[in-house]
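Sequence lines set the chain letters: A, B, ... in the order given, protein chains first and strands last, and positions in each chain run from 1.
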Protein chains: 2
Amino acid sequence: MTTSTEENYLKAIYHLSTGNQNSVLTSAIAGSLSTSSASVTDMIKKLSDKNMVEYERYRGVKITRKGEKVALSIIRRHRLWEVFLMDKLKFKWDEVHDLAEELEHVSSDEMTRRLDAYLGFPKFDPHGDPIPDTNGKVHTNGQVLLSDIIKKGKYILCGVNDHSPSFLQYLEKKGLVPGSVFSIVEMDEYDNSMQIIFSNKKSIFISKEISKNLLVRNHE
Amino acid sequence: MTTSTEENYLKAIYHLSTGNQNSVLTSAIAGSLSTSSASVTDMIKKLSDKNMVEYERYRGVKITRKGEKVALSIIRRHRLWEVFLMDKLKFKWDEVHDLAEELEHVSSDEMTRRLDAYLGFPKFDPHGDPIPDTNGKVHTNGQVLLSDIIKKGKYILCGVNDHSPSFLQYLEKKGLVPGSVFSIVEMDEYDNSMQIIFSNKKSIFISKEISKNLLVRNHE
DNA sequence: AAAATATTTTAGACTTGTCTAAAATTAATA
DNA sequence: TATTAATTTTAGACAAGTCTAAAATATTTT
């Protein structure tokens, strides 16, 4: 079995792994979990002993298929609880993350299955992130980072990569929530910022820092 | 703040306190938590430092008003989650205890409040135990142990004091669930056993061991 | 390629919660 | 009441997870 501390490490390593297939560096994990590199090294050894990660001293870690499955099951629970908190308990999308962070460690496959059914088998959480299925498969539906887009056009916001309340509140103020449809009208080559316009003609400016955290999909 | 281990100790002490106002002995707590007396002594010192219990060496502990408030808030969460698991996720009454034992430590007053509202402000959990209100007040509604009953008559089963799956399954097989109405037809002075009869004329025998764990109320 | 810098790991210590075995205290018995 | 028995506490140790400071390894700069 895995402790909730181990689960948090695996989740962090999994998230840092997606996108780049390189090893994840100790310092990156430490930063992401707000802990010291020394602690990370200790835990990595433990996870390596359990075959959850492949570890090479001074070279970082790669998550194994086994570790990934654990991470995905935690992420699945996390996102299902987020849906519960928002749909049923009427929390706002910037309030659910921290609570789900606690609920995700209650480990019962049966409960997770029933929760899933009770919520109507949702495919995405309130932030637009896909909910892994029972087998740990993630259906991304062709989402890409807005910062990776090179062609002007019409897009729909599917999700975010930063779940901090402050970021979410910022987005909401700008009118950007999952489902928002907008067109890119201007892209600045120099600082990678862009200008977008909503269907209601309202136009806003988006910096590189923001667009790096927005998941979008082509719209039409 | 309290750790979930501290919370489990406080809950155990609270439960062992109700009924008798004497001090709770170290060994009783150890038994209830399946741990050693030495561990209990250690934790009791910690809880005493936090003014959660009054401790006298070799004499046991008394829970303080402060400790009781913590215990009751945990019990409130526990029972609300039990209602959720049974009403919403359709678990059976003998399956909810262990899961609620984990969920109860997710500590957010706001979430508890919303959960309470979402469930329709239930007053009792699936085992018939009263759910403490926000202020930590318990409304027992005049429930007493069946083993304390001295007068024959008609009673209704409101709850149980043993939440183990095996006990609950035993009761269910006998036709005893919260809400069951029955009449005591015979009471044995010698072994404190009794014979009861349901409205459908089915009659069963109840030993002292069983009746000690059944909460009943006068019916009419 | 050697020196300087940054990162990672080790070493040793701390906290929480646990244990066993021995000492202290209380309760029971003769 | 003195001795025996039972219970409780202390003492010392362990595991998990964390930390700081020092040593080891990598990376960057000159």
Peer 1: Donor-acceptor pairs under 3.5 Å, side chain of residues 82-96 of chain B to any protein atom, not counting sequence neighbours: which ones?
Peer 2:
unit_1, atom_1, unit_2, atom_2, d
B:Glu82, OE1, B:His127, ND1, 3.0
B:Glu82, OE2, B:His78, NE2, 2.9
B:Lys90, NZ, B:Asp87, O, 2.9
B:Trp93, NE1, B:Glu172, OE1, 2.7
B:Asp94, OD2, B:Gln169, NE2, 2.6
B:Glu95, OE1, B:Lys92, N, 2.8

Peer 1: Send over the distance from A:Ile29 CD1 to D:dT18 C1', rounded to a whole Å.
Peer 2: 16 Å
Peer 1: Test of understanding: with side-chain contact (heavy atoms from CB on, under 4.5 Å), list the residues that count as partners of A:Phe121, not counting sequence neighbours.
Peer 2: A:Asp116, A:Ala117, A:Lys123
Peer 1: Please list, by residue number, the residues of residues 34-43 of chain A whose heavy atoms come closer than 4.0 Å to an atom of DNA chain D; answer none if no residue qualifies.
Peer 2: A:Thr35, A:Ser36, A:Ala38, A:Ser39, A:Asp42, A:Met43
Peer 1: List the atom pairs, with distances to 0.1 Å, where a side-chain N or O of residues 23-40 of chain B and a protein N or O form a donor-acceptor pair under 3.5 Å, not counting sequence neighbours.
Peer 2:
unit_1, atom_1, unit_2, atom_2, d
B:Ser36, OG, B:Ser39, N, 3.2
B:Ser36, OG, B:Ser39, OG, 3.0

Peer 1: Would you say B:Asn135's side chain and B:Lys137's backbone share a donor-acceptor pair under 3.5 angstrom?
Peer 2: no
Peer 1: Can you pull the side-chain hydrogen bond (donor to acceptor under 3.5 Å, both in side chains) pairs that have at least one residue in residues 205-217 of chain B, sequence neighbours excluded?
Peer 2: none
Peer 1: What pairs of residues pass the side-chain hydrogen bond (donor to acceptor under 3.5 Å, both in side chains) test when at least one of them lies in residues 49-62 of chain B, not counting sequence neighbours?
Peer 2: B:Glu6-B:Lys50
Peer 1: Hey, are the side chains of B:Leu215 and B:Val144 touching, using non-hydrogen atoms and a 4.5 Å cut-off?
Peer 2: no
Peer 1: Partners of B:His163 by side chain to side chain donor-acceptor pair (under 3.5 Å), sequence neighbours excluded?
Peer 2: B:Asp129
Peer 1: In whole Å, I'd like the distance from the CD atom of B:Glu56 to the C1' atom of D:dT8.
Peer 2: 14 Å
Peer 1: Can you tell me the distance, in whole Å, between the CG atom of B:Asn8 and the C1' atom of C:dT18?
Peer 2: 14 Å
Peer 1: Does a side-chain N or O of A:Arg57 approach OP1 or OP2 of C:dT10 to a distance below 4.0 Å, or not?
Peer 2: yes
Peer 1: What distance separates B:Met194 CE from B:Ser147 OG, expressed to the nearest 0.5 Å?
Peer 2: 7.5 Å
Peer 1: Dump every N/O contact between nucleotides 4-7 of chain C and the protein below 3.5 Å, one line per pair.
Peer 2:
none

Peer 1: Can you tell me if B:Lys45 touches the phosphate of D:dT9, counting only side-chain N or O atoms and a distance under 4.0 Å to OP1 or OP2?
Peer 2: no
Peer 1: Do B:Asp133 and B:His139 have side chains that get closer than 4.5 Å, going by heavy atoms?
Peer 2: yes
Peer 1: Working note: A:Arg114 + A:Glu110, criterion salt bridge (charged side-chain N to carboxylate O under 4.0 Å, His left out); need CA distance, chi angles, decisive distance, verdict.
Peer 2: CA-CA 6 Å; A:Arg114 286 177 185 240; A:Glu110 180 60 24; 2.7 Å; yes
Peer 1: Tell me, please, which residues at least two apart from A:Tyr118 pass side chain to side chain donor-acceptor pair (under 3.5 Å).
Peer 2: B:Tyr118
Peer 1: Side chain to side chain donor-acceptor pair (under 3.5 Å) with B:Thr5: which residues, sequence neighbours excluded?
Peer 2: none
Peer 1: Atom CD1 of B:Ile44 to atom C1' of D:dT7: distance rounded to whole Å?
Peer 2: 13 Å
Peer 1: Using Watson-Crick and G-U wobble pairs whose two distances are both under 3.5 Å, how do you write the pairing of DNA chain C as dot-bracket, with | for links to another strand?
Peer 2: ||||||||||||||||||||||||||||||
Peer 1: Using a heavy-atom distance cut-off of less than 4.0 Å, which residues of residues 9-18 of chain B contact DNA chain C?
Peer 2: B:Tyr9
